[in-house]
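Some notes on the structure that comes next.
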Amino acid sequence: MEISKAGEYSYAGMELDRSEGQIIEELKARSRDVIPDPDQWLDEDLERNILVTTLDEVINWGRRSSLWTAICFPACCAFEFIAANGPRFDLARFGMEILRASPRQADLIITAGTLTWKMAPSVRRIYEQMAEPKWVIAMGACGISGGIFRSSYNVVPGYNHIIPVDVYVPGCPPRPEALIYGIQMLQKKIAKRTSFQKG
Ligand code: SF4
């Protein structure tokens, strides 16, 4: 590149093209990597606030964390259930301290007591009036098999003769710790449910 007497630039041959080409080549050489977003706070904000899970996980978490029990305690196992629901064992930890007098507001029956055939139609009606999904815990020897009254003419030899049972908690009566263990087993069972079957 030369400067004339009049002070004008004059370019020789392909000099201008070569100069521009050199600038572009240098920029290309420096531009192989992507320039990161300077707003790093945006990524951090997303990482802190987005949780990836499935719809089944969320639904099952809600269901197993708020089991509401229908009032259906026909005999002495009921006292251990009452103890479990008191402040020492504190069923409220599982979101299930509320007992429902209406089966339409309950999704769990804990069969705390001996069931006679005279009472059986009422228990079955309570179960049928509960909305799906619903679960049953057979609490105590009487609830599981009729217990010490099994051979009595008037005792149902286990609730599973009239309604389906999900979890069995043995004992006469089972202590609150055993009932809580049974509740945790039911929660694990609920966690495996799927509300969206394929096909
Ligand atoms: S299992 Fe024992 S404590 Fe429970 S209802 Fe039967 S007799 Fe009573």
Side-chain angles (χ1 to χ4, degrees), residues 56-195:
D56 269 335
E57 281 286 338
V58 175
I59 291 171
N60 292 342
W61 171 79
R63 281 179 175 157
R64 72 174 184 268
S65 306
S66 59
L67 289 165
W68 288 6
T69 311
I71 295 176
C72 176
F73 312 129
C76 27
C77 269
F79 290 98
E80 293 300 319
F81 176 84
I82 293 165
N85 214 26
R88 179 165 183 176
F89 294 98
D90 194 13
L91 279 186
R93 288 176 293 161
F94 307 104
M96 56 181 300
E97 73 278 17
I98 300 174
L99 304 179
R100 305 316 294 174
S102 166
R104 292 184 178 85
Q105 297 170 351
D107 53 6
L108 173 65
I109 292 182
I110 296 178
T111 67
T114 324
L115 181 64
T116 60
W117 281 111
K118 188 173 182 180
M119 283 283 292
S122 300
V123 170
R124 188 173 167 82
R125 192 174 310 124
I126 289 171
Y127 179 79
E128 287 172 348
Q129 287 178 342
M130 288 163 61
E132 295 281 357
K134 53 193 172 186
W135 298 277
V136 177
I137 294 177
M139 179 183 180
C142 291
I144 294 171
S145 65
I148 55 174
F149 309 110
R150 179 178 173 81
S151 50
S152 299
Y153 73 95
N154 60 333
V155 170
V156 179
Y159 279 74
N160 56 8
H161 286 259
I162 59 163
I163 54 177
V165 171
D166 296 277
V167 173
Y168 296 84
V169 180
C172 181
R175 283 189 50 80
E177 295 96 326
L179 176 61
I180 290 170
Y181 183 68
I183 290 167
Q184 289 175 326
M185 288 180 70
L186 179 62
Q187 288 178 322
K188 286 180 184 169
K189 186 175 181 178
I190 294 171
K192 293 178 184 162
R193 282 175 56 89
T194 176
S195 306

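First listed ligand is number 1; within each ligand, the first listed atom is number 1.
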Quiz item: Restricting to pairs with a member in residues 70-124, which pass ring pair (Phe, Tyr, Trp, His ring centres under 6.0 Å), not counting sequence neighbours?
Solution: F73-F81
Quiz item: atom 2 (Fe) of ligand 1: which protein N, O or S atoms are under 2.8 Å away?
Solution: C172 SG
Exercise. Scan for salt bridge (charged side-chain N to carboxylate O under 4.0 Å, His left out) pairs involving residues 157-172, sequence neighbours excluded, and state none if there are none.
Key: D166-K189
Exercise. Could you name each residue pair satisfying ring pair (Phe, Tyr, Trp, His ring centres under 6.0 Å) that touches residues 122-174, not counting sequence neighbours?
Key: none
Quiz item: Just checking, is any N or O donor in the side chain of T194 or D56 under 3.5 Å from an acceptor N or O on the other one?
Solution: yes
Quiz item: Are any of the side-chain heavy atoms of L179 and P174 separated by less than 4.5 Å?
Solution: no
Practice problem: Indicate yes or no: at least one non-hydrogen side-chain atom of L99 is less than 4.5 angstrom from one of N85. | Solution: yes
